[in-house]
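Below is one structure, written out as structure tokens; comments come after it.
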Amino acid sequence: AGRKEDTYSVLDLAEYTKNRPWWRKVFAPSSGSSAEKYNVATQLVIGGVTGWCTGFIFQKVGKLAATAVGGGFFLLQVANHTGYIKVDWKLVERDVNKAKQQLKFHSSGNKMSPEVKSKVDEVITFLKKNVILTGGFAGGFLLGMAS
């Protein structure tokens, strides 16, 4: 007799969605599994935009780095031919051969360390779980590199 009755308010989802803008309907987080926080459109947009930004920056930095390295080699050659610097080519050849031997030695084992293998496995697992996001990123990256 002294019990208080619980009151519940009813939410009509049809009315609720009518008042929401279309972009909220398309890009709102899905109510599906907890593994997928966002729907397909959101994942594609997020992946595409971040991929485009990364590709665009990568392209600009790449051009700058190529210009700097090429200009540096050009200046070194000019300095070498005008006599400002003298290159010991025998020493350069010896060091290059030593580096080749070390590369052959390290690549002959062809085994990944456990740390690298675990990181590679983590990346592969992430890519498998987020195929749509990864696809959007790859497409955006290529568009960013092209623009």
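Atoms considered below: every heavy atom in the structure, side chains included; atoms not considered: hydrogens, waters and symmetry mates. It should be emphasised that the depicted structure is a prediction, and the values quoted were computed from it without experimental measurement.
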### Message
Test of understanding: clusters of I, L, V, M, F, W, Y form through side-chain heavy atoms closer than 4.5 Å, transitively. Do Val78 and Leu76 belong to the same one?
### Response
no
### Query
With Phe126, which residues qualify under ring pair (Phe, Tyr, Trp, His ring centres under 6.0 Å), at least two apart?
none
### Identified side-chain contact (heavy atoms from CB on, under 4.5 Å) counterpart of Trp52 within the set Ile57, Leu142, Leu143
Leu143
### Message
Under 4.5 Å between side-chain heavy atoms, counting indirect links through other Ile/Leu/Val/Met/Phe/Trp/Tyr residues: same cluster for Trp89 and Val96 or not?
### Response
yes
#### Entry: Verdict with reasoning, Asp95 to Leu91, per side-chain contact (heavy atoms from CB on, under 4.5 Å)
CA-CA 6 Å; Asp95 288 343; Leu91 180 63; 4.0 Å; yes
### Query
Is there a donor-acceptor pair under 3.5 Å between the side chain of Gln59 and the backbone N or O of Ser147?
yes
### Query
Which pairs count as ring-ring contact (aromatic ring centres under 6.0 Å, His included) when at least one residue sits in residues 127-147, sequence neighbours excluded?
Phe58-Phe141
### Message
If you compare all heavy atoms of Gln43 against all heavy atoms of Leu133, which two are closest, and at what distance to 0.1 Å?
### Response
O-CD1, 3.4 Å
#### Entry: CD/Glu122: more than 12 non-hydrogen atoms of other groups inside 6.0 Å
yes
### Task
Measure the CZ-NZ distance between Arg94 and Lys90 for me, rounded to the nearest 0.5 Å.
11.5 Å
### Query
Between atom OG1 of Thr134 and atom CG of Leu127, what is the distance when rounded to the nearest 0.5 Å?
4.5 Å
### Task
Hey, could you give me the NZ/CE distance between Lys60 and Met145, rounded to the nearest 0.5 Å?
11.0 Å
